[in-house]
Colleague: 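What follows is a single structure, and I will ask about it in a moment.
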Amino acid sequence: MTEPVAAAQVLHLRGPVLLDDEREAAEAWVVGGRVTFERPHASAGDVAEVEGWVVPGLVDVHCHIGLGADGPVDQQAARAQALADRDSGVLLVRDAGSPADTAWVHDDDDLPRLIRAGRHLARPKRYLRHYGRELATPAELADAVAEEAARGDGWVKVVADWIDRDLGADGDLTPLWPADVLAQAIGAAHAAGARVTAHTFSGEALDPLLDAGVDCLEHATGADAGQIERIAAAGIPVTPTLLQVAQFEAIAAQADGRYPRFAARLRRLHARRHQHVRDLHDAGVRLLVGTDAGGTIGHGRIADEAAELVAAGVPDREVLAAASWRTRAWLGVPSLAEGEPADLVVLAGDPREDIRVLAAPRAVVLRGARVR
């Protein structure tokens, strides 16, 4: 027999409660911070009713808590970033590189669960200033990957390409690392039990990453048809970050005159950004939802990124799954199941039919507490 529960511990979720691609429940409860599908013994006055479409807490897999436009931010600013993500329904963040030490987030129950990737690994003058850990020589990469793996939560972020300004007017996106160095570095991460995700805009950087066994790709805007087939065959997920790619035209305008080849490339990538995402989806590539918040993009924009993926031609229900239960499972974090922590979002409409309902959550519940 179910034991009675204390007042103010119970939420009654009057669904549908979306569990995964195939299953849903009519209702569920939150008792003692955990999900149950068994009606608890509690008086009506002790139960708070919440009605709507219930989904597992959303996931932003490319988010930079602790990063501002000019580099690391202080703890107060980082906390405000994380709260903005939380209030948007993002209750799980894979931090895809941050110059700030955000390990303290793990101890703050008001903030989303965080999976850290340590600092971006780059070369001097080959990434944004004050963002990454700059290695003097490529030979340092494997050791640096092992060090960041030890500091993070099972992920490491490598910057695989960036503009080479030393080429003057011929400056363009070029790879940062030789193929053998990448293979050693990714092998070092795997030996440490960590996975590697890589920033890449160009096509030139992709084949060495795929040869080396990279685990995830960020942006991957330069992938051609053959590379897309390789990515799909290897089962490597891609985070398209369409909010970021939408800025390529503005970046190209800043590069006009000084770096014409780079500007022209960014304009091509910008113009084909939606077709590129459709090509990835049609090939069977697992798409992840990541806003690239931090730096020049504000936090709390998961609904905007999801809407962009739908505008690119990915079905609403596929985007929802990528923004919630599928990616939680891929990251090894539970969704809505009996006895699991209650991290969930309640929506006014069915996001499988209209992803735009993500923009206005009716309720957000984190660790069993309603925070919105």
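When reading the values below, keep in mind they use all heavy atoms of this one structure, side chains included, and skip hydrogens, waters and symmetry mates.
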Colleague: Testing the 3.5 Å rule here: is there a donor-acceptor pair between the side chains of His62 and Glu218?
Modeller: yes

Colleague: Does the distance from a Lys or Arg side-chain N to an Asp or Glu carboxylate O, for Arg265 and Glu204, drop under 4.0 Å?
Modeller: yes

Colleague: How many angstroms lie between CD in Gln247 and CG in Leu266, if you round to the nearest 0.5 Å?
Modeller: 11.5 Å

Colleague: At what distance, to the nearest 0.5 angstrom, does CG of Leu347 lie from CG of Leu58?
Modeller: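 Atom-to-atom, Leu347:CG and Leu58:CG are 7.5 Å apart.
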
Colleague: Tell me whether Val61 is reachable from Val214 by hopping between hydrophobic residues (I, L, V, M, F, W, Y) whose side-chain heavy atoms are closer than 4.5 Å.
Modeller: no

Colleague: Quick check: closest heavy atoms across Gly171 and Ile163, and the distance to 0.1 Å?
Modeller: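 The pair with the smallest heavy-atom distance is C-CG1, 4.2 Å.
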
Colleague: Quick check against the 3.5 Å criterion: does Tyr131 have a side-chain atom that pairs as donor or acceptor with the backbone of Gly68?
Modeller: yes

Colleague: Which pair of non-hydrogen atoms, one from Pro56 and one from Arg328, has the smallest distance, and what is that distance?
Modeller: CB-CD, 3.8 Å

Colleague: Do Leu309 and Ile302 belong to the same hydrophobic cluster, where Ile, Leu, Val, Met, Phe, Trp and Tyr are linked whenever their side-chain heavy atoms lie under 4.5 Å apart, directly or via other members?
Modeller: yes

Colleague: Parallel, tilted or perpendicular, judged at 30° and 60°: which one describes the rings of His120 and Tyr127?
Modeller: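 Plane angle between 30° and 60°, so tilted.
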
Colleague: Who passes salt bridge (charged side-chain N to carboxylate O under 4.0 Å, His left out) against Asp256, sequence neighbours left out?
Modeller: Arg267

Colleague: Counting only heavy atoms not in Asp180, do more than 12 sit closer than 6.0 Å to its CG atom?
Modeller: yes

Colleague: To the nearest 0.5 angstrom, please state how far the OG atom of Ser202 sits from the CZ atom of Phe262.
Modeller: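 Between atom OG of Ser202 and atom CZ of Phe262 there are 11.0 Å.
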
Colleague: For the pair Glu305 and Thr291, evaluate side-chain hydrogen bond (donor to acceptor under 3.5 Å, both in side chains) and give the outcome as yes or no after the intermediate values.
Modeller: CA-CA 6 Å; Glu305 183 68 28; Thr291 62; over 6 Å; no

Colleague: Could you check whether Arg278 and Gln275, counting side-chain N and O atoms only, form a donor-acceptor pair closer than 3.5 Å?
Modeller: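 Per modelled atom types, Gln275 and Arg278 side chains form a pair under 3.5 Å.
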
Colleague: Would you tabulate the side-chain donor-acceptor contacts of residues 364-371 under 3.5 Å, counting partners in other chains and residues two or more places apart, or write 'none'?
Modeller:
{"residue": "Arg367", "atom": "NH1", "partner": "Asp109", "partner atom": "O", "Å": "2.9"}
{"residue": "Arg367", "atom": "NH1", "partner": "Leu111", "partner atom": "O", "Å": "2.7"}
{"residue": "Arg370", "atom": "NE", "partner": "Arg372", "partner atom": "O", "Å": "3.0"}
{"residue": "Arg370", "atom": "NH2", "partner": "Arg362", "partner atom": "O", "Å": "3.2"}

Colleague: Work out which heavy atom in Asp95 is nearest to a heavy atom in Cys63; give both atom names and the distance.
Modeller: OD1-O, 2.6 Å

Colleague: What donor-acceptor contacts under 3.5 angstrom involve side-chain atoms of residues 332-341, with partners at least two apart or in another chain?
Modeller:
{"residue": "Glu338", "atom": "OE1", "partner": "Phe37", "partner atom": "N", "Å": "2.8"}
{"residue": "Glu338", "atom": "OE2", "partner": "Thr36", "partner atom": "OG1", "Å": "2.8"}

Colleague: Check this for me: does any side-chain nitrogen of one of Asp60 and Arg301 sit under 4.0 Å from a carboxylate oxygen of the other?
Modeller: no

Colleague: Within 45 degrees of the axis of the six-membered ring of Trp53 and under 6.0 Å from its centre: does Arg14 put its NZ or CZ there?
Modeller: no

Colleague: Measuring from Thr296:OG1 to His64:NE2, what's the distance to the nearest 0.5 Å?
Modeller: 9.5 Å

Colleague: With a 4.5 Å limit on heavy-atom distance, are the side chains of Leu18 and Glu24 in contact?
Modeller: yes

Colleague: Backbone N or O of Leu67 within a donor-acceptor pair of the Gln81 side chain at under 3.5 Å?
Modeller: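 At least one qualifying donor-acceptor pair exists.
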
Colleague: Are Glu147 and Arg119 within salt-bridge range, i.e. N to O under 4.0 Å?
Modeller: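 No, Glu147 and Arg119 are not salt-bridged.
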
Colleague: Distance-only, no hydrogens or angles: does the Glu148 side chain make a donor-acceptor pair with backbone N or O of Ala117 under 3.5 Å?
Modeller: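 No; zero donor-acceptor contacts below 3.5 Å.
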
Colleague: Could you tell me whether a side-chain N or O of Arg273 sits under 3.5 Å from a main-chain N or O of His270, the two making a donor and an acceptor?
Modeller: yes

Colleague: Could you report the tightest heavy-atom contact between Leu176 and Ala122, atom names first, then the distance?
Modeller: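 Nearest pair, atom of Leu176 first, then Ala122: CD2-CA, 3.9 Å.
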
Colleague: How far does CG of Asp164 sit from CG of Leu173, to the nearest 0.5 angstrom?
Modeller: 10.0 Å

Colleague: For the pair Ser88 (side chain) and Asp85 (backbone), establish whether a donor and an acceptor sit closer than 3.5 Å, ignoring hydrogens and angles.
Modeller: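 Judged by distance alone, yes, a pair lies under 3.5 Å.
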
Colleague: State, yes or no, whether a side-chain contact exists between Pro240 and Leu287 at a heavy-atom distance under 4.5 Å.
Modeller: yes

Colleague: Should Val159 and Leu269 be counted in the same cluster of Ile, Leu, Val, Met, Phe, Trp and Tyr side chains packed under 4.5 Å apart?
Modeller: yes

Colleague: Can you name the side-chain hydrogen bond (donor to acceptor under 3.5 Å, both in side chains) partners of Arg116, sequence neighbours left out?
Modeller: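 By the side-chain hydrogen bond (donor to acceptor under 3.5 Å, both in side chains) rule, Arg116 matches His106, Asp153.
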
Colleague: Any ion pair linking Asp21 and Arg326 (charged N to carboxylate O, less than 4.0 Å)?
Modeller: yes

Colleague: Under a 4.0 Å threshold between the charged nitrogen and the carboxylate oxygen, would Lys125 count as salt-bridged to Glu134?
Modeller: no

Colleague: ring-ring contact (aromatic ring centres under 6.0 Å, His included) with His276: which residues, sequence neighbours excluded?
Modeller: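 Counting only residues at least two positions away or on another chain, His276 forms no ring-ring contact (aromatic ring centres under 6.0 Å, His included).
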
Colleague: Apart from Ile297 itself, which Ile, Leu, Val, Met, Phe, Trp or Tyr residues share its cluster (side-chain heavy atoms under 4.5 Å, direct or through members)?
Modeller: Leu243

Colleague: For the pair Asp161 (side chain) and Thr174 (backbone), establish whether a donor and an acceptor sit closer than 3.5 Å, ignoring hydrogens and angles.
Modeller: no

Colleague: Are the side chains of Leu83 and His299 in touch, meaning some heavy atoms are under 4.5 Å apart?
Modeller: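 Contact flag for Leu83/His299 side chains = no.
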
Colleague: Applying ring-ring contact (aromatic ring centres under 6.0 Å, His included), name anything that partners Trp325, two or more places apart in sequence or on another chain.
Modeller: none

Colleague: Excluding sequence neighbours, so at least two apart, what forms ring-ring contact (aromatic ring centres under 6.0 Å, His included) with Trp29?
Modeller: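 ring-ring contact (aromatic ring centres under 6.0 Å, His included) check on Trp29 returns His12.
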
Colleague: Work out which heavy atom in Ala42 is nearest to a heavy atom in Val47; give both atom names and the distance.
Modeller: CB-CG2, 3.9 Å

Colleague: Are any side-chain N or O atoms of Arg356 and backbone N or O atoms of Ala307, one a donor and one an acceptor, separated by less than 3.5 Å?
Modeller: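 Checking the backbone N and O of Ala307 against the side chain of Arg356, no donor-acceptor pair under 3.5 Å is found.
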
Colleague: Supply the atom-to-atom distance Leu114 CG to Leu91 CG, rounded to the nearest 0.5 angstrom.
Modeller: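 Output value for this atom pair is 12.5 Å.
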
Colleague: Report whether Val345 and Leu358 are members of the same hydrophobic cluster (ILVMFWY, side-chain heavy atoms less than 4.5 Å apart, transitive linking).
Modeller: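 Linked within one cluster.
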
Colleague: Which residue pairs pass the ring pair (Phe, Tyr, Trp, His ring centres under 6.0 Å) test when at least one of the two sits in residues 164-183, sequence neighbours left out?
Modeller: none

Colleague: Would Leu242 end up clustered with Leu320 when hydrophobic side chains under 4.5 Å apart are linked, directly or stepwise?
Modeller: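 Yes, same cluster.
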
Colleague: Less than 4.0 Å between a side-chain N and a carboxylate O, is that true for Glu140 and Arg123?
Modeller: no

Colleague: Less than 4.5 Å apart, any side-chain heavy atom of Leu217 and any of Ile236?
Modeller: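 Leu217 vs Ile236: side chains touch.
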
Colleague: Does Thr239 reach the main-chain N or O of Thr241 with its side chain, forming a donor-acceptor pair under 3.5 Å?
Modeller: no

Colleague: How would you list, by chain and number, every residue that makes a salt bridge (charged side-chain N to carboxylate O under 4.0 Å, His left out) with Arg317, sequence neighbours excluded?
Modeller: Glu353

Colleague: Has Asp215 got a side-chain atom pairing as donor or acceptor with Val196's backbone, closer than 3.5 angstrom?
Modeller: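 Yes, the answer is positive, given that a donor and an acceptor are paired below the 3.5 Å cut-off.
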
Colleague: Can you tell me which residue pairs pass the salt bridge (charged side-chain N to carboxylate O under 4.0 Å, His left out) test with a partner in residues 280-294, sequence neighbours excluded?
Modeller: none

Colleague: Kindly give the heavy-atom pair with the smallest separation between Val289 and Ala306, and that separation in Å.
Modeller: CG1-N, 4.5 Å

Colleague: Taking ring-ring contact (aromatic ring centres under 6.0 Å, His included) as the definition, give me every residue that meets it alongside Phe248, ordered by chain and number, with sequence neighbours left out.
Modeller: Phe201

Colleague: Is a donor on one side and an acceptor on the other found under 3.5 Å between the side chain of Thr200 and the backbone of Leu206?
Modeller: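 It does not hold such a pair.
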
